[in-house]
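Structure first, then comments.
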Amino acid sequence: MGVATAPTYNRRESASLFSRLRTPRGQADPFPIYEELRSKGEVTPAPWNAFFATSFEVCDQVLRSRDWLEPDRDWREKQGSGTRWNASSSREMSHTLAALNPPDHTRARRAAGSFDRAAVERIGLTVTRVTDQLLESLADRLNDGEADFVALVGDQLPVATIGDWLGLPAADWPRLRQLTHDQVFTQELLPSASQLASSDAATAELRTYFVELVKDRRANLGDDPVSRWIRTWDEVEPDRAKADESVYFLVLFVLLAALETTSTLLTTMTRLLVERPERWDLVADRPDLVPAFVEETLRYDAPTHVISRVAAQDSVLSGMEIRKDEMVHLLVGAAHRDPAKHKDPDVFDPLRKPAHLAFSGGIHYCLGAPLARLEAQILLRQLIRRFPRLTLVRSPTMAPRVAFRRPLNLDVALA
């Protein structure tokens with residue numbers, strides 16, 4: 001494909017659209033803005049020295065290609081000391097699995113292992129038990145009127161699931177959940193100074209907590225995941241301090257990945273279920289559609305709307321010249337509504353063939369995807385069994401984010 005000679009869309013226009021994305025209205029419903037951006041081309045200039053990709057084909061291509069890399073430690077250091085990429089929270093994240101490129105990524109991913117069928121089945125028992133307890137609390141609150149699903153269920157289930165699996169004290173879960181909400185700002189598309197400060201503070205506290213956890217588990221090795229990771233890293237890293245540091249970064253990554261996006265998935269799925277009676281009736285009448293309902297949620301409004309990559313070499317992407325080390329922000333939230341990929345993309349349709357990039361792709365395909373799907377499917381099944389029907393009381397307020405969607409509340413009532 002040839003190089004674009006004279007782009008009709010410039011960074012000033014892009015800045016205007018991006019500013020609208022950052023408003024409460026844009027955060028509540030970014031899809032009309034995505035559509036406008038996509039109309040300018042599959043790849044367009046960002047307001048800063050980067051690019052936006054909005055088509056499904058291009059986003060999928062980049063995620064699967066070895067020619068596009070994570071913004072790793074070396075890349076972040078090149079951006080300069082005064083940039084967001086060298087905030088302390090960003091530097092810390094650059095050591096985690098999500099920000100590594102081969103061969104470091106290959107080594108860390110192998111040490112992490114995966115959620116095999118036996119592990120998922122064991123965790124499933126916990127998810128079923130916890131979901132039942134949380135929905136009982138929700139039912140009690142609904143008997144008195146409306147209830148906030150986020151506070152009672154959406155924020156609670158992921159931390160209980162991963163906290164139990166990692167063997168973290170239940171008394172610590174509320175604080176870890178709040179720290180996660182604050183920490184994720186460093187992974188935002190363009191965080192403010194105050195958001196980065198919150199993320200820096202949260203990251204420092206999380207480091208203190210999990211470094212101590214790894215130290216304690218090494219002194220008392222058991223059959224929990226952290227102990228298994230310690231044994232695994234001891235086999236490949238002779239330096240014990242480096243091994244423990246690697247385990248710490250893995251535990252930090254697992255907690256962050258398992259909480260924030262899963263909570264958003266559970267809440268968004270439930271919002272889509274309760275805002276239209278016909279959707280509730282469809283799944284209640286056909287429980288076999290539960291997995292498809294979850295997958296359509298991941299397409300229709302994914303927890304993560306932006307995934308960023310940098311060019312490993314000078315490239316041409318959909319006719320746009322991109323230099324080595326320049327960044328492309330993959331707007332998967334826009335790609336999921338690409339009419340070239342999905343017919344009637346703005347229609348929520350659990351009957352359509354699943355196709356989305358919510359769990360990324362290629363070598364960075366989400367390690368926790370089976371766990372997120374498990375929690376969502378169990379919750380959805382128990383919701384339609386436990387209640388005749390719930391209804392949405394009011395539209396949720398969204399957190400001030402662009403890349404990482406998060407409803408702050410979801411007020412529901414018995415229909």
Side-chain angles (χ1 to χ4, degrees), residues 70-73 76 84-101 104-105 107-115 155 158-169 172-188 191 195-218 224-234 236-237 240-264 303-304 360 364 366-369 371-372 403-404 406:
E70 285 283 351
D72 60 14
R73 291 191 298 276
R76 296 180 195 216
R84 56 159 292 201
W85 296 104
N86 275 287
S88 60
S89 52
S90 180
R91 291 198 305 271
E92 196 78 355
M93 288 301 296
S94 72
H95 293 271
T96 65
L97 182 62
L100 300 180
N101 291 306
D104 294 336
H105 176 270
R107 187 185 191 207
R109 181 101 184 199
R110 187 178 295 120
S114 62
F115 290 101
D155 266 4
V159 73
T161 300
I162 200 68
D164 180 84
W165 185 63
L166 292 174
L168 308 179
D172 297 343
W173 296 351
R175 183 57 182 161
L176 291 172
R177 184 175 61 244
Q178 183 56 54
L179 289 172
T180 300
H181 289 328
D182 292 340
Q183 198 283 338
V184 80
F185 279 120
T186 198
Q187 303 175 62
E188 253 303 313
Q195 288 173 336
L196 272 181
S198 295
S199 189
D200 289 349
T203 303
E205 190 171 337
L206 286 167
R207 179 180 179 87
T208 298
Y209 182 91
F210 284 117
V211 165
E212 187 62 30
L213 175 76
V214 173
K215 180 180 177 182
D216 178 72
R217 294 294 168 86
R218 177 172 285 285
D224 59 279
V226 180
S227 296
R228 291 195 292 272
W229 290 330
I230 290 172
R231 295 188 183 97
T232 298
W233 272 105
D234 281 352
V236 298
E237 176 52 72
R240 179 166 288 187
K242 290 183 178 179
D244 285 355
E245 184 86 343
S246 296
V247 175
Y248 151 67
F249 283 121
L250 181 54
V251 181
L252 175 67
F253 163 74
V254 167
L255 180 87
L256 295 174
L259 263 61
E260 194 69 11
T261 53
T262 304
S263 175
T264 299
T304 303
S360 190
H364 288 282
C366 179
L367 186 71
L371 183 55
F404 287 82
R406 185 192 167 215

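Each residue takes its place number in the sequence, starting with 1. All figures in this text were calculated on a predicted structure; none of them were measured in a lab.
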Worksheet item: With sequence neighbours left out, what residues match W233 under ring pair (Phe, Tyr, Trp, His ring centres under 6.0 Å)?
Response: none
Discussion item. Looking at R177 and V159, would you say the former's side chain and the latter's main chain have a donor-acceptor pair under 3.5 Å?
Written reply: no
Worksheet item: Any side-chain heavy-atom pair from D244 and K215 closer than 4.5 angstrom?
Response: no
Worksheet item: Could you give the distance from OG (S360) to CG (L367), rounded to the nearest 0.5 Å?
Response: 12.0 Å
Discussion item. To the nearest 0.5 Å, what is the distance between CG on L256 and CD1 on I162?
Written reply: 10.5 Å
Worksheet entry | Residue pair T96, L252: steps toward the side-chain contact (heavy atoms from CB on, under 4.5 Å) verdict | CA-CA 8 Å; T96 65; L252 175 67; 4.1 Å; yes
Discussion item. Rounded to the nearest 0.5 Å, what separates atom OG in S246 from atom CD in E237?
Written reply: 6.5 Å
Worksheet item: Can you find a pair of side-chain heavy atoms, one from E92 and one from F249, that are under 4.5 Å apart?
Response: yes
Practice prompt. Can you sort out the partners of H181 under side-chain hydrogen bond (donor to acceptor under 3.5 Å, both in side chains), two or more places apart, ordered by chain and number?
Written response: D155, E260, R406
Discussion item. Below 30° counts as parallel, above 60° as perpendicular, anything between as tilted: where do the rings of W229 and W165 land?
Written reply: perpendicular
Item to complete: Output the distance between atom CG (L168) and atom CG (L255), rounded to the nearest 0.5 Å.
Response: 7.0 Å
Item to complete: Can you spot which of R207, R240, R218 makes a salt bridge (charged side-chain N to carboxylate O under 4.0 Å, His left out) with E245?
Response: R207
Worksheet item: Looking at residues at least two apart in the chain, or sitting in another chain, which of them share a salt bridge (Lys or Arg N to Asp or Glu O under 4.0 Å) with R110?
Response: none
Worksheet item: In Å and rounded to the nearest 0.5 Å, what is the CZ to CZ distance from R228 to R217?
Response: 10.5 Å
Discussion item. Quick one, R73 and H95 - any side-chain contact, counting heavy atoms below 4.5 Å?
Written reply: yes
Discussion item. Treating S263 as the side-chain partner and L259 as the backbone partner, does any N or O pair qualify as donor plus acceptor under 3.5 Å?
Written reply: no
Worksheet item: Quick one: are S90 and R84 in side-chain contact, heavy atoms under 4.5 Å?
Response: no
Practice prompt. Would you name the heavy atoms of R76 and A99 that are closest together and state the gap between them?
Written response: NH2-CB, 3.7 Å
Discussion item. With a 4.5 Å cut-off on side-chain heavy atoms, are E205 and Q178 touching?
Written reply: no
Fill in: D172: side-chain hydrogen bond (donor to acceptor under 3.5 Å, both in side chains) partners, not counting sequence neighbours
Y209
Item to complete: Measure the OG1-CG distance between T161 and L166 for me, rounded to the nearest 0.5 Å.
Response: 11.0 Å
Worksheet entry | Donor-acceptor contact present, side-chain R91 to main-chain N86, <3.5 Å | yes
For residues 196-203, dump all side-chain donor-acceptor pairs below 3.5 Å to protein atoms at least two apart in sequence or in another chain.
{"from": "S198", "atom 1": "OG", "to": "S194", "atom 2": "O", "distance (Å)": "3.3"}
{"from": "S199", "atom 1": "OG", "to": "Q183", "atom 2": "O", "distance (Å)": "2.6"}
{"from": "S199", "atom 1": "OG", "to": "T186", "atom 2": "N", "distance (Å)": "3.3"}
{"from": "D200", "atom 1": "OD1", "to": "S88", "atom 2": "OG", "distance (Å)": "3.3"}
{"from": "D200", "atom 1": "OD1", "to": "S89", "atom 2": "N", "distance (Å)": "3.0"}
{"from": "D200", "atom 1": "OD1", "to": "S89", "atom 2": "OG", "distance (Å)": "2.6"}
{"from": "T203", "atom 1": "OG1", "to": "Q183", "atom 2": "NE2", "distance (Å)": "3.3"}
{"from": "T203", "atom 1": "OG1", "to": "S199", "atom 2": "O", "distance (Å)": "2.7"}

Discussion item. Within the 4.5 Å heavy-atom criterion, are T261 and V184 side-chain neighbours or not?
Written reply: no
Worksheet item: Looking at side-chain heavy atoms only, is the closest gap between Y248 and L206 below 4.5 Å?
Response: no
Discussion item. Tell me every residue that passes side-chain hydrogen bond (donor to acceptor under 3.5 Å, both in side chains) with D72, counting only those two or more places apart in sequence or in another chain.
Written reply: N101
